[in-house]
Amino acid sequence: SALSSLYPQAAKQLNRYVDILLDEGITWGLLGPREGERVWTRHIANSIALVDAIPEGLHVADIGSGAGLPGIPLALVRPDLRITLVEPLQRRAEFLQLAVGRLEMQDQVSVMRARAEELATESRHSALFDVVTCRAVAPLSKLLRWTADLFLPDGQLMALKGQSAEQEVAKASKILAQRRC
């Protein structure tokens, strides 16, 4: 894939991860059977879109990580980041453990089986993460309610969004304005 040549230092691992997605990811129902031909363009490229937006050396939480997107591709391309994959569903959390183990990323990536709002309850006094990422989890206004305590006051939420992004930002900005008072 062209992405492999953009990140030669991560090419081998990105290819290994794609193999895991195409094998166990589809078998375990984390990706649909028709997603196979779009893994690079739709899933990996989409995840790597965040690569240059995250400052160096930060702790990132990937909320609702599912099959590890965007968290695992980010970790592969950015070894300076510490990534926590947060996933409430057992089967998905087990898949994430398997992928992290096979890719030998345990020093950089951890898997936490939890809901974002449970973590937020534990973190009432200080942000747990510098950056929170998520992809295809929920509308932005909901995401903010679930995750704000994980990264505010000084962190960032980086949500990969589709066509509804503009309306979601408008709606979520009201919630954010209330939180800043």
Side-chain angles (χ1 to χ4, degrees), residues 3 7 10 13-32 35-36 38-51 53-54 58-123 127-140 142-151 155-162 168:
L3 280 174
Y7 301 100
Q13 288 287 74
L14 283 168
N15 281 305
R16 285 178 69 195
Y17 176 54
V18 166
D19 289 344
I20 295 167
L21 286 174
L22 293 175
D23 186 357
E24 287 87 353
I26 290 175
T27 307
W28 293 25
L30 275 74
L31 285 185
E35 291 297 300
R38 300 189 303 187
V39 166
W40 281 104
T41 55
R42 184 173 186 181
H43 300 294
I44 304 299
N46 200 311
S47 299
I48 291 177
L50 295 174
V51 159
I54 302 174
L58 298 184
H59 191 184
V60 177
D62 180 19
I63 300 295
S65 193
L69 299 157
I72 291 177
L74 271 178
L76 292 172
V77 174
R78 291 282 307 276
D80 62 288
L81 300 175
R82 279 185 309 133
I83 306 225
T84 301
L85 306 174
V86 180
E87 174 52 58
L89 298 178
Q90 178 77 36
R91 181 174 43 94
R92 292 177 182 171
E94 285 172 9
F95 173 84
L96 293 171
Q97 292 284 15
L98 171 112
V100 167
R102 284 225 194 124
L103 295 165
E104 298 174 3
M105 304 176 73
Q106 298 91 329
D107 294 344
Q108 181 191 7
V109 179
S110 56
V111 177
M112 186 178 282
R113 185 168 172 230
R115 304 179 74 81
E117 51 275 40
E118 293 165 358
L119 288 182
T121 306
E122 293 169 25
S123 76
L128 292 177
F129 304 99
D130 303 304
V131 176
V132 169
T133 64
C134 42
R135 179 174 180 255
V137 172
L140 203 48
K142 259 190 193 162
L143 273 176
L144 268 175
R145 281 197 291 274
W146 294 342
T147 65
D149 289 331
L150 299 177
F151 66 88
Q156 295 177 292
L157 172 65
M158 295 187 184
L160 290 162
K161 288 291 179 182
E168 288 189 41

Is the shortest side-chain heavy-atom distance between [X] and [Y] below 4.5 Å?
| X | Y | value |
| --- | --- | --- |
| Glu94 | Gln97 | no |
| Ser65 | Leu96 | yes |
| Asp62 | Arg135 | no |
| Asp23 | Trp28 | no |
| Val60 | Phe151 | no |
| Val86 | Leu150 | no |
| Gln106 | Val100 | yes |
| Leu128 | Thr84 | no |

[X] side, atom [atom1]; [Y] side, atom [atom2] - distance, nearest 0.5 Å:
| X | Y | atom1 | atom2 | value |
| --- | --- | --- | --- | --- |
| Leu76 | Leu103 | CG | CG | 6.0 Å |
| Ile44 | Leu14 | CD1 | CG | 6.0 Å |
| Trp146 | Leu143 | CH2 | CG | 6.5 Å |
| Asp149 | Leu144 | CG | CG | 10.5 Å |
| Thr133 | Gln156 | OG1 | CD | 11.5 Å |
| Leu31 | His43 | CG | NE2 | 5.0 Å |

Quick one: does any side-chain atom of [X] pair with a main-chain N or O of [Y] as donor and acceptor, under 3.5 Å?
| X | Y | result |
| --- | --- | --- |
| Glu24 | Phe95 | no |
| Glu87 | Gly68 | no |
| Arg113 | Pro88 | yes |
| Gln108 | Met105 | no |

For [X] against [Y], the heavy-atom pair lying closest together:
| X | Y | value |
| --- | --- | --- |
| Arg78 | Val51 | NH1-O, 2.6 Å |
| Ala75 | Val109 | CB-CG2, 3.6 Å |
| Pro73 | Ile48 | CB-CG1, 4.1 Å |
| Leu50 | Pro70 | CD1-CG, 4.1 Å |
| Leu85 | Gly71 | CD2-CA, 3.8 Å |
| Ala116 | Ile63 | CB-CG2, 3.7 Å |

- Item | Arg16 CZ: over 12 foreign heavy atoms closer than 6.0 Å |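 Above 12, so yes.
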
- Is it true that Glu35 and Arg38 have a side-chain N and a carboxylate O under 4.0 angstrom from each other?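 Yes.
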
